[in-house]
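Just so it is clear: chains get the letters A, B, ... in the order the sequence lines come, proteins before strands, and each one is counted from 1. Only a predicted model underlies this, so the values are computations on that prediction, with no experimental measurement involved.
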Amino acid sequence: MKNLRIVDILKLGQVGAEITVKGWVRTRRGSKNVSFIALNDGSTNHNLQVVAEVEAFGEELLKLINTGAAIGVTGKLVESTGSGQSVELQAASIEVIGGADPEKYPIQPKRHSLEFLREVAHLRPRTATFSAIFRIRHAMIFAIHNFFNDRGFYNVHTPIITSSDAEGAGEMFRISTLDAKNPPLTEEGDVDFSQDFFGKAANLTVSGQLEGELFAMALSRIYTFGPTFRAENSNTSRHLAEFWMIEPEVAFFDLNDNMDLAEEFLKYLINYALEHCMDDLLFLSSRLTEEEKNKPADQRSMELIEKLRFVAENDFVRLTYTDAIEILKNSKQNKKGKFQYPITGYGTDLQSEHERFLVEVEFKKPVILTNYPKEIKAFYMRLDDNGKTVSAMDVLFPQIGEIIGGSQREERLDILESRMEEMHIPKEDLEWYLDTRRFGGCPHAGFGLGFERLLLFVTGMTNIRDVIPFARTPKNCEF
RNA sequence: UCCUUAGUAGCUCAGUUGGUUAGAGCGGCGGACUGUUAAUCCGUAGGUCGUAGGUUCAAGUCCUACCUGAGGAGCCA
């Protein structure tokens, strides 16, 4: 007899079978004669009800079976006479594998705030909400590899430690083995990184894109999926100092191919969740609906599953930056002065409020914005024929904002070099990158998807710290 | 980093214009109950009011600084 997972027990429902199951106690309740134990092993959102006769086990043993305790139960699966479940386990023997002192165990059989559960992030996967979230997180990881593998993409592990600080995606975390108290100094009085571990200054990566491009210039279709690090002092519900990013890069792709890929990718992932995680989505949806009851009617969002279906079934709106500015400029909001940052014309930087207007009010569906002014975008994005804009694209989602950022890359060496000069990017650090333009250069494109932002959308959670196991944010690096 | 807001029992919160001994619900513990579904009913313990200063006869309540959380903005994925 081997241990069975609760998800399989409930799915097969073989009444009469003798089984052994191990897991953690969610609650125990009962009367003088019988105890009911809600047992969960993390394999499903549903609990297995274990029925224990008080007479058979004694109060001393039952007292150890508290919320949070790990137990093993052997017994017979029987039809349940209660109304909450179809089958239950009639316990023949119970082993308390690890107790949990109810005076001290912080997860109580009651509703907790997400803020409190963040403080006990080491125990929160034991809750219904977080086990659902992390099962979905796994399913999405799996779906991402599936998607790319099915389409002939190769997964590349780009380096996590990098010596280049020219990626331009944000502030970096320095890594060093030098004595922080007493570092070696150069004659000028700066820290002498030539004596450091790598013989030069090193940082954690902010993006695998540049290295990804190198591999796309050889394997044609590649994607990275790894951790990235940003030392920005960003205190929002959409930013993390350590997060996971998926970055496909494809040779011989232009901006339109890139948009097609991004849209197909996102729809595939959402459909995958609808197909494989419905149980957990239903739970998160009901949880969300419960929370929304406290909000005024006009601030409530669409029901989770309805929202996912809507995005999966409808085409994204594709719009150039220039057209977006026109729409925003002529909008009632702008004319009535409702925007905090009024739109005056081409060149205005789009703020969150403008993106939200386009996605949530004007089109009511995801929007892909393209061809931004070159001044507000990165050096490697391909200059358009008008000389003013670049072939960039941002995929904007309701509530979340930018979920994907990408572009067709500048493959023309002379233009790339002059763009780098304009933007003060030191060429000597990126000779290896420029080599791909010198030798067998070709048009190519790619994008980056913030994995946790995707999870925000799929799970309906509103704080990014709740969709990663252990969040790293400014002033927070516990566990 | 900026703006707004909050920090009182294990958790979620109430605490009036500053005024005697700090309150509730849930959770815990003890008891009752012949099958419960966040069980129910009765009883009970539990607090240096975020930290440090200050104002005052008197501070959970007012002021200042700092710490931490939340919402929004910027930066972005």
Side-chain angles (χ1 to χ4, degrees), chain A residues 26-38 46-55 59 63 66-68 78-85 88 90 100-120 127-128 167-171 206-209 227-247 262 290 299 340-341 349-353 355-356 376-378 394-397 400-406 447-457 462-468 473-476 478:
Chain A
R26 283 280 165 83
T27 64
R28 181 171 66 86
R29 52 182 177 265
S31 62
K32 197 173 171 182
N33 299 325
V34 64
S35 262
F36 301 95
I37 302 159
H46 301 287
N47 300 325
L48 176 66
Q49 173 155 288
V50 174
V51 183
E53 303 288 339
V54 175
E55 203 174 302
E59 295 204 10
K63 265 186 190 172
N66 299 306
T67 299
V78 298
E79 271 183 50
S80 179
T81 55
S83 58
Q85 58 285 315
E88 63 191 20
Q90 191 72 46
D101 183 347
E103 303 250 24
K104 291 177 184 153
Y105 186 62
I107 313 280
Q108 303 163 354
K110 57 165 284 189
R111 193 170 278 278
H112 289 291
S113 67
L114 296 171
E115 290 82 10
F116 170 70
L117 290 171
R118 253 170 245 155
E119 290 171 20
V120 287
T127 65
E167 287 159 5
E171 290 294 309
V206 294
S207 163
Q209 183 201 311
T228 45
F229 308 87
R230 307 259 168 108
E232 302 285 353
N233 190 11
S234 295
N235 292 288
T236 81
S237 52
R238 300 183 305 281
H239 291 85
L240 291 163
E242 175 183 287
F243 65 100
W244 290 70
M245 192 151 63
I246 299 101
E247 296 179 287
E290 194 68 27
Q299 280 176 31
Q340 198 185 339
Y341 299 89
D349 227 346
L350 291 187
Q351 309 288 324
S352 290
E353 59 175 346
E355 296 180 353
R356 293 188 72 146
I376 58 176
K377 286 292 177 183
D394 283 0
V395 181
L396 308 177
F397 262 38
I400 293 153
E402 188 180 341
I403 195 167
I404 278 180
F447 60 81
L449 167 71
F451 185 50
E452 283 78 16
R453 291 212 178 151
L454 170 79
L455 288 175
L456 280 182
F457 185 74
T462 52
N463 193 313
I464 202 161
R465 287 157 207 169
D466 293 331
V467 296
I468 189 165
T473 52
K475 304 272 191 289
N476 184 356
E478 294 302 308

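Between the side chain of A:T228 and the backbone N or O of A:F243, at least one donor-acceptor pair lies under 3.5 Å. The backbone N or O of A:T236 sits nowhere less than 3.5 Å from a side-chain atom of A:S234 that would complete a donor-acceptor pair. With hydrogens and angles ignored, the 3.5 Å screen pairs a side-chain donor or acceptor of A:E353 with a backbone N or O of A:Q340. Proximity of a side-chain donor or acceptor of A:E232 to a complementary backbone N or O of A:E171 within less than 3.5 Å is detected. Without hydrogens or angle criteria, A:S237 side chain to A:I464 main chain gives no donor-acceptor distance under 3.5 Å. Distance alone, capped at 3.5 Å, is enough to place a donor-acceptor pair between the A:R230 side chain and the A:V206 backbone. Formation of a donor-acceptor pair under 3.5 Å by the A:E452 side chain with backbone atoms of A:W244 is found in this model. The main-chain N or O of A:D394 is never found under 3.5 Å from a side-chain atom of A:E402 such that the two would form a donor-acceptor pair. The backbone N or O of A:R453 sits nowhere less than 3.5 Å from a side-chain atom of A:R238 that would complete a donor-acceptor pair. A:E242 contributes no side-chain N or O that, together with a main-chain N or O of A:P227, makes up a donor-acceptor pair within less than 3.5 Å.
Taking the C1' atoms as reference points, B:C33 lies 36 Å from B:U8, given to the whole Å. Comparing the same atom, P, in B:G72 and in B:A39 gives a spacing of 33 Å after rounding to whole Å. Nucleotides B:C11 and B:A73 have their C1' atoms positioned 32 Å apart, rounded to a whole Å. The same atom, P, is picked in B:G18 and in B:C75; the two are 43 Å apart, to the nearest Å. To the nearest whole angstrom, the two C1' atoms, one in B:A9 and one in B:G27, are 11 Å apart. Atom name P, nucleotides B:G23 and B:G47: the rounded distance is 14 Å, in whole Å.
Judged by distance alone with a 3.5 Å cut-off, a donor-acceptor contact links the side chain of A:E88 to the base of B:G35. Residue side chain A:S234 does not reach the base of B:C76 through any donor-acceptor N/O pair under 3.5 Å, judged by distance alone. Under 3.5 Å, the side chain of A:H112 and the base of B:C11 form no donor-acceptor pair of N or O atoms. One cannot find a donor-acceptor pair under 3.5 Å joining the base of B:G69 and the side-chain atoms of A:E115. Counting atom types as modelled, A:Q85 pairs a side-chain N or O with a base atom of B:U36 as donor and acceptor under 3.5 Å. A donor-acceptor contact under 3.5 angstrom links the side-chain atoms of A:N235 to the base of B:U1.
Scanning residues 448-457 of chain A for heavy-atom distances under 4.0 Å to RNA chain B yields A:G448, A:G450, A:R453.
OP1 and OP2 of B:G28 both lie 4.0 Å or more from every side-chain N or O belonging to A:Q108. At the phosphate of B:G72, OP1 or OP2 sits under 4.0 Å from a side-chain N or O atom of A:S237. Residue A:N33 places none of its side-chain N or O atoms closer than 4.0 Å to OP1 or OP2 of B:U34.
By the 5.5 Å and 30° criteria, A:F243 is stacked with the base of B:A77.
Backbone-only contact: A:K63 has heavy atoms under 4.0 Å from sugar-phosphate atoms and none from a base. Among the atoms of the strands shown, only primed sugar atoms or phosphate atoms (P, OP1, OP2) are found under 4.0 Å from some heavy atom of A:R118. Across all strands shown, A:R26 has no heavy atoms under 4.0 Å from either base or sugar-phosphate atoms. Among the protein residues, A:T228 comes within range of no part of the nucleic acid, since none of its heavy atoms lies under 4.0 Å from any strand. Residue contacts for A:I400: at a heavy-atom cut-off of 4.0 Å it reaches no nucleic acid atom on any strand shown. No contact: A:S35 has no heavy atom under 4.0 Å from any strand. Nucleic acid contact for A:P106: none, since no nucleic acid atom lies under 4.0 Å from a heavy atom of the residue.
Side-chain proximity of A:M245 to B:A77, B:G69, B:G35: nearest is B:A77. Nearest nucleotide to the side chain of A:S80, out of B:A77, B:G35, B:C75: B:G35. Side chain of A:N463, nearest nucleotide from B:A70, B:A77, B:U36: B:A70. With B:G27, B:G35, B:C11 as the candidates, the nucleotide lying closest to the side chain of A:Q49 is B:G35. Relative to the side chain of A:F36, the nucleotides B:G35, B:A73, B:C11 differ in distance, and B:G35 lies closest. Considering only side-chain atoms of A:R238, the nucleotide from B:A73, B:G35, B:C11 that sits closest is B:A73.
Whole-Å rounding puts the A:Q351 CD to B:C76 P distance at 11 Å. Going from atom CG of A:L117 over to atom P of B:G27 covers 16 Å, rounded to whole Å. Atom NZ in A:K475 sits roughly 9 Å away from atom P in B:G69 (whole-Å rounding). In this structure, A:D101 atom CG and B:G10 atom P are separated by 14 Å, rounded to whole Å. Distance CD (A:Q90) to P (B:U36): 15 Å, rounded to an integer number of Å.
Nearest-nucleotide positions on RNA chain B for A:S352 and A:L240 put A:S352 closer to the 5' end.
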Identify the pairs formed between an N or O of the protein and an N or O of nucleotides 4-7 of chain B at a distance under 3.5 Å, and give each distance.
none

Using a 3.5 Å limit on both pairing distances, list the dot-bracket string of RNA chain B from the 5' end; Watson-Crick and G-U wobble pairs count, crossing pairs take [ ], interstrand pairs take |. (((((((..((((.....[...)))).(((((.......))))).....(((((..]....))))))))))))....
Applying side chain to side chain donor-acceptor pair (under 3.5 Å) to A:T27 and A:R29, what does each step give before you reach the verdict? CA-CA 7 Å; A:T27 64; A:R29 52 182 177 265; 3.1 Å; yes
